[in-house]
Amino acid sequence: MSRYDPAQIEPKWQKAWEEAGCFTARRDPAKPKYYVLEMFPYPSGRIHIGHVRNYTMGDVVARYKSSCGFSVLHPMGWDAFGMPAENAAMERGGHPKDWTYGNIAQMRGQMKPLGLSIDWSREFATCDPEYYGQQQSMFIDFMEKGLVYRKNAVVNWDPVDMTVLANEQVIDGKGWRSGAEVERRELTQWFFRISDFSGELLDAIDGLKDWPEKVRLMQANWIGKSRGLQFAFSTVDAPEGFDRLEVYTTRPDTLMGASFAAISPDHPLAKHLERHDPKIAEFVAECRRIGTSEEALEKAEKKGLDTGIHVRHPFDEAWEMPVYIANFILMDYGTGAIFGCPAHDQRDFDFATKYGLPIPPVFVAEGAEEADLSEAYVPMKSERVRYVRGFAGDEVQTGEAAVDAAIAFCEGKGVGRGVTNYRLRDWGVSRQRYWGCPIPVVHCEACGVVAEKKENLPVELPYDVSFDQPGNPLDRHPTWRDCACPKCGAPAKRETDTMDTFVDSSWYYARFTAPHANTPTVAEDADYWMNVDQYIGGIEHAILHLLYSRFFARAMHICGHLPKKAVEPFNALFTQGMVTHETYSTKGKDGRPVWHTPDDVTRTADGATLADGTPVDIGPVIKMSKSKKNVVDPMDIIARYGADTARWFVMSDSPPERDVEWTAAGAEAAQKHLTRVWTLSDRIGSLPDGKPGTGDEDLARAMHRAIHDVTQTIEGFAFNKAIAKLYEFANAIQKSDASKPVQRQAIMVLAQLMSPMTPHLAEDIWAHQGGEGLIAQAPWPKADPAMLVDDNVTLPIQINGKRRAEISVPKEMPASEVEKIVLADEAVIRALNGGAPKKLIVVPGRIVNVVI
RNA sequence: GCCCGAGUGGCGGAAUGGUAGACGCAGCGGAUUCAAAAUCCGCCGCCGCAAGGCGUGCGAGUUCGAGUCUCGCCUCGGGCACCA
């Protein structure tokens, strides 16, 4: 008798798959295609268990679809540009390129033992000149189509990383990577016109039926559509050229409650005034200093300065209001100016209270005599109000209808127009970094900013750079910047900014369809393989990466690089949960916890200890992180249990969209099960041929049930349930006393159904049972519908909705027959106590309810 | 503040409006063993000796029947946030 030995069988089958070319994706017009993609990794140097879960999910889908007869594309690549490579160079010496490619080699070496069905011939890294050269070529296309532009902008400057950050990369006023307080600087930057697509990107979310509702909502909120009124106040005592002040409001129904106007410190009027008035200049400078820092947001102190200028109410010439410069008005939303209605907006209320401005109410709660002026009154959606100072047509109550009516009324009076605004801003892509895709433009004294000629692409990063001082090494390079103007040929200077790494990941899915072509894509490959049928990754990319990709696919379509159908590149999206682990700590000398890795800790029945017996505090189950040391290394797991065990475990227990807790006990259990299945196959192999089979029918039914259930649950991305069904089926085989051929067929089907999760074990059983060819190439088994229906059903009997008994009857028995049997049932007789039931409900094949 | 989502045994989690707790972990009992490990068999929501009763965060409602649908709360989690 032999043993299940993953260390021996796993490499063996990986080699067999490779030799048979099982996973090479081929365009096959005779087959339907299926493109499954997991979000590609950043080459940090080591894979972690979260990668294992992510890629196993994709692999389950890929292997399953392949068995179902699809021509499957399942590629892998590397999101290889970015700051960590430069940080490593700065901290430890060496070169970002060497560091990155070294890490890639290492991680590829760690991924291969997982036995993933990946077409490695399509592998690329975004830092390959072959890839980023195509990206540069598209950047030039985008320039031609007006999809990218340069502008002076106040940007978020990260003083530690010495680079500009997109709004999306600023979290609570801090750089998303460095955590440093972000400053405001004015620089000339490249922008993608994503905001031109706001409406389209928003509307198209409705079509993303197979995306998680959560992600769709997050994207919709991020795009942030609002409908409102834009109108102009006429001004009094304003400088020349400022006789009108445009404002935007989403609450035109409160226009009669106006009390003041306020403009952003960055508003043109404020900028004009600061040149002539030192007090204003000082105030504006103070506002800029505070900027977006978290401290300022937390204090949330509304500060304003009266400009001495006034505006006239659009419906009353005599009604004049002061104009303030206020620190909470954003220049890049709406017009950078607002009217304040303190009675119905809490922020305006606070402001008015502070500066002693009037608080005229527009409406009161229905039934209320007078307005309550202790705080702003903002009615709830369903609340009804009574207008005390509206304009005509105010019988409309609240909410959207009131806003629409107010817009219509104002438009009718020639005051402003209805306007749709979006929160989404253009995407600033310039980064003052070395390890990124160079922006392929040239600065010529005569011609200005000129795109590089496509035949000169790729504009390749120079290798000989130094990281001994902060900032962008490209700026300091002695010769790299020098070039000829693509237009006039005169000596010129290259742009030294590189692109945001989110650009790299915005089109890699398209590149996988023709990864080595000398154009960004190839029409027939993109036509065949796009779209991605199933995309799988972390929820942390719900907004940025996915929104940028949706924009980029549209831009690529406009430039002829993608077919129309691919403007929404991901048909279905799945966001998987994280892998978590308990934390272990002891108290250090200074009272702070000292963390311990799971390897150093022994779990006991009621606690945990270190090797020397020191008791350890068991902390909460959280995401694996280096700082808390609650990390397990996939390589250790594979060495100890084998890849199939790791794959089986990360797919079991928790639903895939939720977090799963890694426990040693769980891993042990997974391995026990795989060993049991392997041993079961071994045992069936040595059954006597002539063994009579009393349970043949039962096992055959269990088999078809398993085929049906596992197929359904895999289709529905419910891998934890698929695994539960596989346990049930394995239990059924183990208990069965069916004849050898039936048992043999059952174990082979079990192997097939397990093969997406545990492909090596499945191959081994298949071969052991004499299966033909490789299981990886065998067609998915089909359930016989006739074997799924039972002749007899167990019918629960409820009395007043509580289950009290059950009967077994033929499935097709008519209701009248069932009623007779039910009324003769002991429990029913006892409950009726001689009386007749009020009602008797028979749901055929399901349940019986006796109402007394 | 605004917008979402989730609350089910000791734990992870199952349940087209129809037997709540599938499957797994942990636990308990037994077989095997000189003993253990491994393996196998069985039990396993709570109260109760039992009959029986109670059970899906809390409170109402709809229904013959509610974990599931409706309304109102509570708690936890996530996203956005000076967005006018």
Side-chain angles (χ1 to χ4, degrees), chain A residues 172 212-222 224-226 228-229 247-252 254 261-262 264 292 296-303 326-330 332-341 344-348 350-351 378 421-425 539-540 542-543 580 603 605 621 649 652-655 657-661 663-670 672-673 675-676 679 709 713 718 720-731 734-735 794-806 837-843 845-852:
Chain A
D172 293 337
E213 187 57 25
K214 186 183 177 153
V215 175
R216 306 194 322 160
L217 268 161
M218 282 165 74
Q219 291 222 349
N221 289 339
W222 190 264
K225 182 178 181 170
S226 69
L229 179 76
V247 299
Y248 171 74
T249 178
T250 55
R251 295 297 309 280
T254 66
S264 161
T292 57
L297 287 175
E298 223 153 80
K299 278 187 195 157
E301 196 185 353
K302 311 285 174 278
K303 272 191 176 175
N327 63 351
F328 60 94
I329 311 296
L330 303 170
D332 50 2
Y333 185 78
T335 62
I338 62 148
F339 84 83
C341 175
H344 303 295
D345 181 292
Q346 191 57 43
R347 196 181 32 191
D348 294 348
D350 296 342
F351 192 84
V378 184
N421 249 311
Y422 295 94
R423 214 183 66 108
L424 184 65
R425 316 285 155 74
I539 186 77
E540 67 273 20
I543 299 172
T580 60
R603 268 315 230 121
V621 177
F649 180 77
S652 63
D653 285 344
S654 288
E657 68 276 15
R658 260 189 252 178
D659 291 351
V660 65
E661 185 192 349
T663 61
E668 298 277 353
K672 257 184 219 174
H673 177 70
T675 305
R676 185 167 71 110
T679 311
D709 289 351
T713 47
N720 57 322
K721 288 187 236 172
I723 284 186
K725 299 295 178 192
L726 288 165
Y727 271 110
E728 280 184 59
F729 184 35
N731 291 343
Q734 188 155 20
K735 288 192 170 68
T794 302
L795 227 46
I797 299 174
Q798 293 183 332
I799 294 171
N800 288 337
K802 297 252 179 217
R803 193 187 74 91
R804 286 296 126 93
E806 59 182 39
K838 262 191 212 151
K839 212 167 178 182
L840 190 55
I841 291 149
V842 178
V843 185
R846 277 250 163 244
I847 203 163
V848 180
N849 195 3
V850 186
V851 186
I852 296 168

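So you know, we letter chains A, B, ... as the sequences are listed, proteins then strands, and number each from 1.
- Straight-line distance between the C1' atoms of B:rG67 and B:rG17: roughly 11 Å, to the nearest whole Å.
- Between B:rA26 and B:rC44, the distance separating the two C1' atoms is 11 Å to the nearest Å.
- Contact annotation: A:Lys839 side-chain N/O to B:rC64 OP1/OP2 distance is under 4.0 Å.
- Considering all non-hydrogen atoms of both residues, A:Ala326 and A:Phe351 come closest at CB-CE1, 4.1 Å.
- Atom CD1 in A:Ile847 sits about 11 Å away from atom P in B:rA66, given to the nearest Å.
- Counting any heavy atom pair closer than 4.0 Å across all strands shown, A:Ser652 reaches no nucleic acid atom.
- Atom pair A:Glu661:CD and B:rA26:C1' shows a separation of 12 Å (rounding to whole Å applied).
- OP1 or OP2 of B:rG24 sits under 4.0 Å from a side-chain N or O of A:Asn731.
- Between A:Lys672 atom NZ and B:rA37 atom C1' there is a gap of 11 Å when expressed in whole angstrom units.
- Comparing B:rA14, B:rC83, B:rU19 against the side chain of A:Pro655 picks out B:rA14 as the nearest.
- In this structure B:rC11 sits in a base pair with B:rG24, meeting the Watson-Crick or G-U test at under 3.5 Å.
- As a whole-Å value, the separation of A:Ile797 CD1 from B:rC64 C1' is 15 Å.
- Minimum interatomic distance between A:Arg251 and A:His344 (heavy atoms only, all atoms of both residues): NH1-O, 4.0 Å.
- Nucleotides B:rU19 and B:rG55, compared at atom C1', are 15 Å apart to the nearest Å.
- Ring pair A:Tyr727/A:His673 is tilted by interplanar angle, where 30° to 60° counts as tilted.
- The partner of B:rC73, taking Watson-Crick or G-U wobble pairs whose two distances both stay under 3.5 Å, is B:rG57.
- Separating the P atom of B:rA81 from that of B:rC71 is a span of 29 Å, rounded to the nearest Å.
- Checking B:rU63 for Watson-Crick or G-U wobble geometry (two distances, each under 3.5 Å) identifies no partner in any strand.
- Checking B:rU68 for Watson-Crick or G-U wobble geometry (two distances, each under 3.5 Å) identifies no partner in any strand.
- Nucleotide B:rC49 forms a pair with no other nucleotide shown, judged by Watson-Crick or G-U wobble geometry with both contacts under 3.5 Å.
- Taking both residues in full, the closest heavy atoms of A:Arg846 and A:Leu795 are given as N-CD1, 3.5 Å, listed atom of the first, atom of the second, then distance.
- Comparing atom distances between the A:Asn849 side chain and each of B:rG65, B:rC25, B:rA84 picks out B:rG65 as nearest.
- Regarding A:Arg658, its CZ atom lies at a distance of 14 Å from the C1' atom of B:rC11, rounded to whole Å.
- A sub-4.0 Å separation between OP1 or OP2 of B:rG17 and a side-chain N or O of A:Arg846 is absent.
- B:rU70 and B:rC76 have their C1' atoms separated by 23 Å, with the value rounded to a whole Å.
- Comparing B:rG9 with B:rC46, their P atoms sit 11 Å apart, to the nearest whole Å.
- Checked against B:rC23, B:rG13, B:rC64, the side chain of A:Glu728 finds its nearest nucleotide in B:rC23.
- Evaluation of atom-type donor-acceptor distances gives no pair under 3.5 Å for the side chain of A:Arg216 against the base of B:rC4.
- When the C1' atom is compared between B:rA36 and B:rG45, the two are found 34 Å apart, to the nearest whole Å.
- Atom name C1', nucleotides B:rG59 and B:rG10: the rounded distance is 28 Å, in whole Å.
- Taking atom CZ on A:Arg676 and atom C1' on B:rC40, their separation rounds to 11 Å, with Å as the unit.
- Distance NZ (A:Lys802) to P (B:rA66): 8 Å, rounded to an integer number of Å.
- Backbone-only engagement by A:Val851 is indicated by non-hydrogen atom pairs under 4.0 Å involving sugar-phosphate atoms exclusively.
- Nucleotide B:rG79 holds its C1' atom 10 Å from the CG atom of A:Leu217, rounded to whole Å.
- In this model, the phosphate group of B:rA84 is approached by a side-chain N or O of A:Tyr333 to a distance below 4.0 Å at OP1 or OP2.
- The side chain of A:Arg803 lies closest to B:rA20, out of B:rA81, B:rA84, B:rA20.
- When the nearest nucleotides of RNA chain B are assigned to A:Ile329 and A:Lys735 by heavy-atom distance, the more 5′-ward of the two goes with A:Lys735.
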Begin from the C-alpha positions of A:Thr254 and A:Phe339 and carry the test side chain to side chain contact (heavy atoms under 4.5 Å, CB included) through to its verdict. CA-CA 10 Å; A:Thr254 66; A:Phe339 84 83; 3.8 Å; yes
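- Residue A:Tyr727 is classed as a sugar-phosphate contact, given heavy-atom separations below 4.0 Å to backbone atoms only.
- B:rG9: glycosidic angle within 90° of 0, hence syn.
- The pair A:Arg425-A:Asp332 meets the salt-bridge criterion, with a side-chain N (NZ, NE, NH1 or NH2) lying under 4.0 Å from an Asp/Glu carboxylate O.
- Heavy-atom minimum distance, A:Asn421 versus A:Gly334: ND2-CA, 3.7 Å.
- Between A:Asn720 and B:rA14 there is a side-chain polar atom (N or O) within less than 4.0 angstrom of OP1 or OP2.
- Listed candidates were B:rC25, B:rG12, B:rA84. Nearest to the side chain of A:Asp653 is B:rG12.
- Within the 4.0 angstrom heavy-atom criterion, base atoms lie near A:Gln798.
- Candidate nucleotides B:rC82, B:rG12, B:rG78 were compared by shortest atom distance to the side chain of A:Phe328, and B:rC82 ranks first.
- Considering only the side chain of A:Lys721, B:rA15 comes nearest among B:rU19, B:rA15, B:rC83.
- Comparing A:Val660 and A:Glu213 by the nucleotide of RNA chain B whose heavy atom lies nearest to each, the residue mapping closer to the 5' end is A:Glu213.
- The side chain of A:Ser226 has B:rA84 as its nearest neighbour among B:rC80, B:rC23, B:rA84.
- Here the closest heavy-atom approach between residue A:Tyr248 and residue A:Ile338 is recorded as O-CG2, 4.4 Å.
- Heavy atoms only, all atoms of each residue included: A:Asn800 and A:Val851 are closest at OD1-CA, 3.4 Å.
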